[in-house]
Number of protein chains: 2
Amino acid sequence: MFRVYSKGCEYGIRALSALTELDCKDGFSIETVCRRTRLPVWFTRKVFQKLVRQNVLFAKCGPGGGYYFKKNPEDISFLDLIQAVDGNVFQKCILGKAKCRRSQSCPIHSTWEKIKKVLMSELRSVSVKQLMESRNRVLHVS
Amino acid sequence: MFRVYSKGCEYGIRALSALTELDCKDGFSIETVCRRTRLPVWFTRKVFQKLVRQNVLFAKCGPGGGYYFKKNPEDISFLDLIQAVDGNVFQKCILGKAKCRRSQSCPIHSTWEKIKKVLMSELRSVSVKQLMESRNRVLHVS
DNA sequence: TCAAAAATGGATAAAAAAGTCCATTATTGA
DNA sequence: TCAATAATGGACTTTTTTATCCATTTTTGA
């Protein structure tokens, strides 16, 4: 039951990873993305709604509308994506202690702080742009 | 929705962390541990049952019975505990890809492998004995 | 030997997460 | 202006996880 992020977040990541340069420029509709990735449309829609609220994407209604990046895909990290969809999940104490600070900390506070630091910095080091590129590369190879 | 381990696993960790030297020698009952930690008895029981099946603890029925460590608490790591309760959770692909191997891997395979390595080695570096000690230290200080 | 103590495994209930649907709103272009 | 397109937010359903309960089994010692 180890999870870095929710299912919804996973879909968001997979959806955005499947975008092309052109999509980034001209925008993309849910239908297009979900057809390409075989993700469930209705659920992915919910995730995109969150990304809009969190200023990662912006949405344009009406014919020819769709979603557009609000920031450059280079400047959106994997961590940004997780936090936009799931919230500030990395702050909580790993042992569920309500007030886990340096004094009065849980038995593995310092270990966990160390792990978290690595985890977050690695997640920050991957951009949506990179996700897109490596996905497209994989598709070409296979 | 970030979780390193299940709720049950969390309870197991908290329960075992609350044991004393004497408990390790003479065994301990669910009631004793749960009174001390204010954990729900019935649920913690289920977790202990798993730990028994996974050879972390062994159980003795009847009056004066209870649970005993099957291995030395020094030799049980945090990681062992997680895997005993939750199974082999760290093997799965972070993006939910069924077959994520070096060739045909998901876009963040290598990043994730790196994070996982640190995560697992840190979790392996903490023993149940240490958890017990630091918990007891905290209790004395506060 | 039998009542009490302690664990077991299966059944069920409650809560949370995941997934679906729909009526509504916004926008476009014919 | 209005029909069609595309997103929105809320309501609802299903599935998974968490939590509880109980009848049964094992063991002890009076």
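Every chain is numbered from 1 and lettered A, B, ... according to where its sequence line falls, protein lines coming before strand lines.
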Side-chain donor/acceptor of A:Lys50 to backbone N/O of A:Val85, under 3.5 Å:
yes
Can a donor-acceptor pair be found, under 3.5 Å and without considering hydrogens, that links the side chain of B:Ser134 to the backbone of B:Gln130?
yes
Whole Å only: how far is the OH atom of A:Tyr68 from the P atom of C:dT27?
13 Å
Keeping A:Lys116 on the side-chain end and A:Phe90 on the backbone end, is there a donor-acceptor pair under 3.5 Å?
yes
Rounded to the nearest 0.5 angstrom, the CH2-NZ distance for A:Trp112 and A:Lys117 is 14.5 Å
Positions of residues 51-66 of chain B (non-hydrogen atom under 4.0 Å from DNA chain C), listed by number:
B:Val52, B:Arg53, B:Ala59, B:Lys60, B:Cys61, B:Gly62, B:Pro63, B:Gly64, B:Gly65, B:Gly66
In whole Å, I'd like the distance from the CE atom of B:Met1 to the P atom of C:dA16.
13 Å
I need the NZ-P distance between A:Lys7 and C:dA16, as an integer number of Å.
21 Å
Return the value, rounded to whole Å, for the distance between atom CZ of B:Phe28 and atom C1' of C:dA7.
13 Å
May I have the step-by-step check of side chain to side chain contact (heavy atoms under 4.5 Å, CB included) for B:Val33 and B:Tyr67, ending in yes or no?
CA-CA 10 Å; B:Val33 175; B:Tyr67 295 93; over 6 Å; no
First-last contacting nucleotides on DNA chain D - partner chain B, under 4.0 angstrom, heavy atom
D:dT18 to D:dT28
Using a cut-off of 4.0 Å on non-hydrogen atoms, how would the nucleic acid contact of A:Tyr67 be classed: base, sugar-phosphate, or nothing?
sugar-phosphate
With distance as the sole test, does A:Thr32 use its side chain to make a donor-acceptor pair with the main-chain N or O of A:Phe28 at under 3.5 Å?
no
Could you check whether any side-chain N or O of B:Arg36 sits under 3.5 Å from a backbone N or O of B:Ala18, counting only pairs where one atom can act as donor and the other as acceptor?
yes
Among residues 32-47 of chain A, which contact DNA chain C at a heavy-atom distance under 4.0 Å?
A:Pro40, A:Trp42, A:Phe43, A:Lys46
Taking atom C1' of C:dA17 as reference, at what distance in whole Å does atom CG of A:Asp86 sit?
11 Å
Main-chain N/O of B:Thr37 paired with B:Arg14 side-chain donor or acceptor, under 3.5 Å:
no
For a side chain to side chain contact (heavy atoms under 4.5 Å, CB included) check, start with the C-alpha distance between A:Phe43 and A:Phe48, then their side-chain angles and the critical distance, and finish with the verdict.
CA-CA 9 Å; A:Phe43 198 60; A:Phe48 275 28; over 6 Å; no
Spacing between A:Phe48 atom CZ and C:dG19 atom P, to the nearest angstrom
15 Å
Please report the distance, rounded to the nearest Å, between OH in A:Tyr5 and P in C:dA18.
12 Å
Take A:His109 and A:Lys114, measure what side chain to side chain contact (heavy atoms under 4.5 Å, CB included) needs, and give me the verdict at the end.
CA-CA 9 Å; A:His109 186 80; A:Lys114 214 190 308 184; over 6 Å; no
Judged by atom type as modelled, is there a donor-acceptor pair below 3.5 Å linking the side chain of B:Tyr11 to the main-chain atoms of B:Ser6?
no
